[in-house]
Amino acid sequence: MNEINSNETEAKTLNFIEEIVESDLQSGKHKSILTRFPPEPNGYLHIGHAKSICLNFGLAQKYGGKTNLRFDDTNPVKEDTEYVESIKEDVNWLGFNWANEFYASDYFGQLYEWAVVLIKKGLAFVDDQTQEEIRQTRGTISVAGTDSPYRNRSIDENIDLFTRMRAGEFADGAKVLRAKIDMSHPNMLLRDPILYRIIHTEHHRTGSKWCIYPMYDYAHGQCDSIENITHSICTLEFDVHRPLYDWFIEKLEIFSSHQYEFARLNLTYTVMSKRKLLELVKNNYVSGWDDPRMPTICGIRRRGYTPESIRTFAEKVGVAKRDNVIDLSLLEWCLREDLNKRANRYMAVLNPVKVVITNYPDGETENLTAINNPEDENAGSREIPFSKIIYIEKDDFMENPPKKYFRLSPGSEVRLRYAYFIKCTDVVKDENGEITEIHCTYDPASRGGNSPDGRKVQGTIHWVSAQHAAEAEVRLLDRLFTEPFMDNIPEDKDYKDYLNPDSLKKVIAYIEPALKKLQISDKVQFERIGYFCVDKDSTDNKLVFNRTATLKDTWAKINK
Ligand code: ATP
Ligand code: MG
């Protein structure tokens, strides 16, 4: 598992599922393809689901087919319409439209009738054993299981009991319906698997109409079959379920969908189990499902990711047949590639120190012209006000610089981006020795940042005019966990032991006035700092920005 794979070279060759689809279309096995994305509405979607969505919808798009969105709502205890709505929003946001919106619960009637068919064929029986007894008699991989004492009930008795299970005569757990296959089958999943269990719980769609609910294995393939899904794509751990998937289709003599498995997406520094994500939310380790540090689609969206960057990521990850762990920096790389082309540049100072330009006229303001995006001619330009007092980053000044320090220091000259060359003359300190003010002179002939006489300055730094700047809250987001391989942590540790204490730092920044007009979710680049997006916590008086990503991969350096 400990393999970092950022398959950047995997280019235009077909993945194994595309090969299968092309061959099925060429042989005439299918005239067109129909895929489905089958989430259980028991949580919010995460980046792993995004991979599955891009795969299912992407395949259909590529081959002129269609994709259904099917909610796998077979367990009323954990499911809710809140999740249904968020899932639809997320799939749409990723840029996909489903041909049909279906629910496994739409098919409860048909699934029930098919269970009766299996009973009548002598292929299913009602078992009165407790769950514990069923578990204990399943055997192990090397030891056969033992038949239930109820296995040889007559067909009539089974029909009668199953009808009464449905009618609500029995309590939860009193009985189950099981397939009658083989208690010594080498594949444990075929040792008389459970098809139905009794759950007296309101279902978010069918209310109290049903009190028996089909198990995943019994429902999934038959739902695929009802919808005529041609290629049912799921993650690798379901390969052992495929014989059972096929068994039902064969015994019921229904449309033969075929299941294909691919490696699930795992990401470094990330947990994706719904149980863990729910725990992070419920116990306030994060602010909610859409906390911008969460790997949920709504979290990633709020952080400032674009659907395009996620689709590119899914494409680059490719479709593998073997489990691996993808480096989170690949996702960030896809984001930078996309935003580099689209995000306008602005200046913002996150850790300010005041600079007074002593030879600049008091009370004067002038507007300088800045290019919005050098990568996009159509992005145009804007004006930035300049005046005598500005802020620069504390890091861009050093009183006693080492060699090759090209930013500001006493006696040195730097370029203020789009403005002037300035030279530091002296500094003012408070009683603790902290620098409170840097004094500089400027060269009026260098307006626009151009050298007046061919003399060179090595460094260019960003700035904002103190008098014109607005204050903003900037949330410096980082990875939620400190450990790359979250699935491999030691037994005696908990995943929460690896929460990154520095995953969220809030600072007050000074931003150039043009930023004030931004709307929630707008994405920008703060020059020399990173990509940021306007958070929904912003108010009319104060913008809040999330750092989506730094400009370069800072972790690659730190962790080596
Ligand atoms: P659980 O079954 O624990 O509730 P799940 O992550 O399997 O969680 P589902 O709602 O059943 O959630 O998943 C919907 C679809 O998304 C399935 O086809 C599943 O295989 C796929 N999927 C889930 N997690 C990943 C992942 N990490 N990578 C790729 N596909 C995934
Ligand atoms: Mg699942």
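All of these numbers come straight from a predicted model, not from anything done at the bench. First listed ligand is number 1; within each ligand, the first listed atom is number 1.
The nearest pair of heavy atoms linking Val126 to Leu161 is CG2-CB, 3.9 Å.
Residue-ligand proximity, Ser52 to ligand 1, at heavy-atom distances under 4.0 Å covers atoms 16 (O), 21 (C), 30 (N). Of all atoms in ligand 1, numbered sequentially from 1 with element shown, those under 4.0 Å from a heavy atom of Phe37 are 15 (C), 16 (O). The Asn42 neighbourhood of ligand 1 comprises atoms 4 (O), with distances under 4.0 Å to a heavy atom of that residue. Less than 4.0 angstrom separates some heavy atom of Thr235 from each of these atoms of ligand 1: 20 (O), 29 (C), 30 (N), 31 (C).
At a heavy-atom cutoff of 4.0 Å, ligand 1 is contacted by the side chain of Lys274 but not by its backbone. With a 4.0 Å cut-off on non-hydrogen atoms, Pro38 touches ligand 1 through its backbone as well as its side chain. Proximity of Asp72 to ligand 1, defined as any heavy-atom pair under 4.0 Å, is not found for any part of the residue.
In this comparison of His49, Glu79, Lys51, the heavy atom closest to atom 6 (O) of ligand 1 sits on His49.
Between Tyr83 and His204, every side-chain heavy-atom pair lies at or beyond the 4.5 Å cut-off.
For Glu227 (side chain) and Ile229 (main-chain N/O), no donor-acceptor pair under 3.5 Å exists by modelled atom type.
Residues satisfying the side-chain contact (heavy atoms from CB on, under 4.5 Å) test with Ser208, not counting sequence neighbours, are Glu202. Looking at residues two or more places apart in sequence or on another chain, you find a salt bridge (charged side-chain N to carboxylate O under 4.0 Å, His left out) between Glu169 and Arg164.
Distances shorter than 4.0 angstrom occur between a heavy atom of His46 and an atom of ligand 1.
With Tyr269 as the aromatic partner, Arg479 meets the cation-pi criteria of under 6.0 angstrom to the ring centre and within 45 degrees of the ring axis.
The shortest N/O to N/O separation between Leu265 and ligand 1 falls below 3.5 Å.
To the nearest 0.5 Å, atom OG of residue Ser52 and atom CD1 of residue Ile47 are 12.0 Å apart.
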